[in-house]
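What follows is a set of notes on a single structure, which appears directly below.
Letters A, B, ... mirror the listed sequences (proteins, then strands); counts begin at 1. What you are looking at is a predicted structure, and each value in this text was computed from that prediction instead of being measured.
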Amino acid sequence: MQSILIKHLGKHVGEEVTVQGWLYNKRSSGKIQFLIVRDGTGLVQGVLVKKEAPELFDLAKGITQESSIRVKGIVREEPRSVGGYELTVTGLEVISMAEEYPISHKEHGVDFLMDRRHLWIRTPRQNAILRIRAEIEQAARDFFHQNDFTLVDSPIITPAACEGTTTLFELDYHGEKAYLSQSGQLYNEASAMAVGRMYCFGPTFRAEKSKTRRHLMEFWMIEAEAAFFDHEDNMKLQEELVYFIIQRVLERRRKDLEFLGRDISKLEAIQLPFPRLSYTEAVELLKSKGEEFEWGQDFGAPHETIISESFDAPVFIHRFPAEIKAFYMKPDPEDPRVVLGADLIAPEGYGEMIGGGQRIDDLKLLEQRIEEHKLPREAFEWYLDLRRYGSVPHSGFGLGLERTVAWICKLDHVRETIPFPRMLYRVYP
RNA sequence: UCCCCGAUAGCUCAAUGGUAGAGCAACCGGCUGUUAACCGGUAGGUUGUAGGUUCGAAUCCUACUCGGGGAGCCA
């Protein structure tokens, strides 16, 4: 069946076309009906006048919300109609009549909608978010491809914890214990030694009982790792990636941002380079804002919000105390108390968007750190091999996709940034 | 794991110790340009579960269940 997408209707003014989709809404008076059809690319209004097409008119009267339909009609420009175009209906076919649809056009609560997430994603608002998410994913892939990074997928089932810190989902791997990956990072380092510059993009899993608007049990991470990149190169790469993503979304998904009510000027105002603040400077900033804070403590979510609200762009906090960061972080040669790592904090209180840094490339030091962190050395032998066979300075980072989407769309919860969120106490549907 | 909050019609909510109600959705009818259309009508309830206080509980108390927000941890 030849049909056209609603987004392309403007190219067919005056022609008779067929649109296939679902009945989004219907309004009627005695002699005229308006059928609003959605197909995932937009909405269009079909008009039926009783005296001109009495049989179609009666058929339309019985069509329920979300029934799948095929509508033939002549395309007209019509400013009164959603999307600016309208179909004068000349043919109408019901593919499948929907039962009474649970999601109405009135307000609903989060619990109700989350239980019906498989239907909720049909709504225009959720459609817009999913399109922006897709655009961000595509932009990241394009960015890395253009910058000579090779996509190297990392495993999802892993034999041991990557960093030995967070709680992992455990699996029975044919009688052995295995875990769902919390990060591809260690594997990425191996891949970077193979192809020089690599990135990976996949789901990651955290079993912590986190219950906030910034957390999911299953989330997607865009990770990159590059040989011969130092800490400064790494931050530069991160800000260029984020900037590229913003520009791409502004260019290609502006309508969706507008539909969501996003204040676009805040995204347009973002410029390179992003502000950089050392941990020590960040502590001073917090103190100047009246916060009680000791050097050596880790930042909590409220601290990150205070820091991010002091800047209009995402802000790097770099050179954290070694004690509060992962074992593989390279110490700063100029001040060994701190490591050459940075977190990128999103504006407007969205929290940490990227975590990354330069990795230890010295075998002896890495062995020492594994011991200090009481990690099972056998599990890391292959990782130590990377320092035995042609070790080089290298750096990498991981960008949390859902937090990035939440910030760009200015949503109040990450659960709307992913089609089927996995949250504490919620794995259905 | 801890702290706070919530659960009443299919949905969103009201009823603050005294006869459980409204709007929307559904169904029936009306309306020739609707924009979450509008107007009239019909139907719809073991007030999350269990117990307690009381002449009387949706309302007060206890426990439980489910969920929401936040902390910690993190992206």
Quick one: NZ on Lys72(A) to OG1 on Thr18(A), what's the gap to the nearest 0.5 Å? 6.0 Å
Check: Tyr24(A) ring centroid to His105(A) ring centroid under 6.0 Å: yes
Between P of rC38(B) and CD of Gln33(A), the distance in whole Å: 16 Å
If you measure from the P atom in rU53(B) to the same atom in rG41(B), how many Å do you get, rounded? 45 Å
Rounded to whole Å, please give me the gap between NZ in Lys106(A) and P in rC38(B). 6 Å
Phosphate OP1/OP2 of rG69(B) contacted by Arg415(A) side-chain N/O (<4.0 Å): yes
Closer than 4.0 Å, any side-chain N/O of Lys211(A) to the OP1 or OP2 of rG68(B)? yes
For the C1' atoms, the ones on rG10(B) and on rG52(B), what distance do you get once it is rounded to whole angstrom? 33 Å
Take the protein atom CG of Asp298(A) and the nucleotide atom C1' of rG72(B), then report the distance between them rounded to whole Å. 11 Å
Complementary nucleotide for rA57(B) - Watson-Crick or wobble, under 3.5 Å: none
Any base atoms under 4.0 Å from Asn25(A), or only sugar-phosphate, or nothing? Heavy atoms, all strands. sugar-phosphate
Looking for any heavy atom pair under 4.0 Å, which part of the strands does Ile103(A) touch: base, sugar-phosphate only, or nothing? nothing
Is the gap between the ring centers of Phe299(A) and Tyr279(A) under 6.0 Å? yes
Which whole-number value in Å describes the distance from Glu352(A) CD to rA71(B) P? 14 Å
Comparing nearest nucleotides in RNA chain B, the 5'-proximal residue of the pair Tyr425(A), Ala301(A) is Tyr425(A)
Taking the basic N atoms (NZ, or NE/NH1/NH2) and the acidic carboxylate oxygens, is any pair closer than 4.0 Å for Lys289(A) and Glu291(A)? no
Pairing partner of rG33(B) (Watson-Crick or G-U wobble, both distances under 3.5 Å): none
Go through the N and O atoms of the side chain of Ser104(A) and the base of rC11(B), and report whether any donor-acceptor pair is under 3.5 Å. no
Find the partner of rA71(B): check Watson-Crick (N1-N3 plus N6-O4 or O6-N4) and G-U wobble (N1-O2, O6-N3) distances, both under 3.5 Å, and reply none if neither fits. rU1(B)
Which nucleotide, if any, forms a Watson-Crick or G-U wobble pair with rA7(B), using both distances under 3.5 Å? rU65(B)
Roughly how many Å apart are rC4(B) and rU34(B), using the C1' atom of each and rounding to a whole number? 46 Å
Under a 4.0 Å heavy-atom criterion, the protein footprint on nucleotides 29-34 of chain B, written with B, S and -, is --BBBB
For salt bridge (charged side-chain N to carboxylate O under 4.0 Å, His left out), just list the numbers for Glu348(A) and Arg262(A), CA-CA rounded to whole Å, side-chain angles, deciding distance to a tenth of an Å, and then say yes or no. CA-CA 12 Å; Glu348(A) 302 169 62; Arg262(A) 191 21 161 148; 3.1 Å; yes
Could you grab the distance from atom CD of Glu309(A) to atom CD1 of Ile345(A), nearest 0.5 Å is fine? 12.5 Å
What is the separation between atom CD1 on Ile408(A) and atom P on rA75(B), rounded to the nearest whole Å? 19 Å
With C1' as the reference atom in both, quote the distance from rG23(B) to rU19(B) in angstrom, rounded to an integer. 22 Å
For Trp120(A), does the six-membered ring have the charged nitrogen or CZ of Arg125(A) within the cation-pi criterion, i.e. under 6.0 angstrom from the centroid and within 45° of the normal? no
Does rA25(B) have its OP1 or OP2 closer than 4.0 Å to a side-chain nitrogen or oxygen of His108(A)? no
What I want to find out is whether Arg38(A) reaches Glu66(A) closely enough, with some N-O distance under 4.0 Å, to be called a salt bridge. yes
Pair assignment for rA15(B), Watson-Crick or G-U wobble, requiring both distances under 3.5 Å: none
Note: for His105(A) and Lys209(A) on RNA chain B, the residue whose nearest nucleotide lies more 5' is Lys209(A)
Salt bridge (charged side-chain N to carboxylate O under 4.0 Å, His left out) evaluation trace for Arg214(A) with Glu402(A): CA-CA 8 Å; Arg214(A) 298 181 307 280; Glu402(A) 285 74 16; over 6 Å; no
For atom P, what is the distance between rC74(B) and rU59(B), given to the nearest Å? 43 Å
Ignoring the backbone of Phe219(A), work out which of rA71(B), rA75(B), rA36(B) is nearest its side chain. rA75(B)
Whole-Å distance separating the CD atom of Gln297(A) from the P atom of rC74(B): 14 Å
Which residue in the set Arg253(A), Arg252(A), Arg254(A) passes salt bridge (Lys or Arg N to Asp or Glu O under 4.0 Å) when paired with Asp256(A)? Arg253(A)
When rounded to whole Å, the CD to C1' distance for the pair Glu100(A) and rG10(B) reads 7 Å
Roughly how many Å apart are rG21(B) and rU47(B), using the P atom of each and rounding to a whole number? 13 Å
Taken to the nearest whole Å, CZ/Phe112(A) to P/rA9(B) is 12 Å
Mark yes or no for a side-chain to base donor-acceptor pair under 3.5 Å between His215(A) and rC74(B), with no hydrogen or angle criteria applied. yes
Regarding Gly351(A), tell me which of base, sugar-phosphate or nothing describes its non-hydrogen contacts under 4.0 Å with the strands shown. nothing
Sugar-phosphate, base or nothing in reach of Tyr101(A), heavy atoms under 4.0 Å: nothing
Phosphate OP1/OP2 of rG68(B) contacted by Arg426(A) side-chain N/O (<4.0 Å): yes
Nearest-Å distance once atom P is located in both rA36(B) and rA63(B): 47 Å
Please report the distance separating the C1' of rG6(B) from the corresponding atom of rC13(B), rounded so that it comes out in whole Å. 13 Å
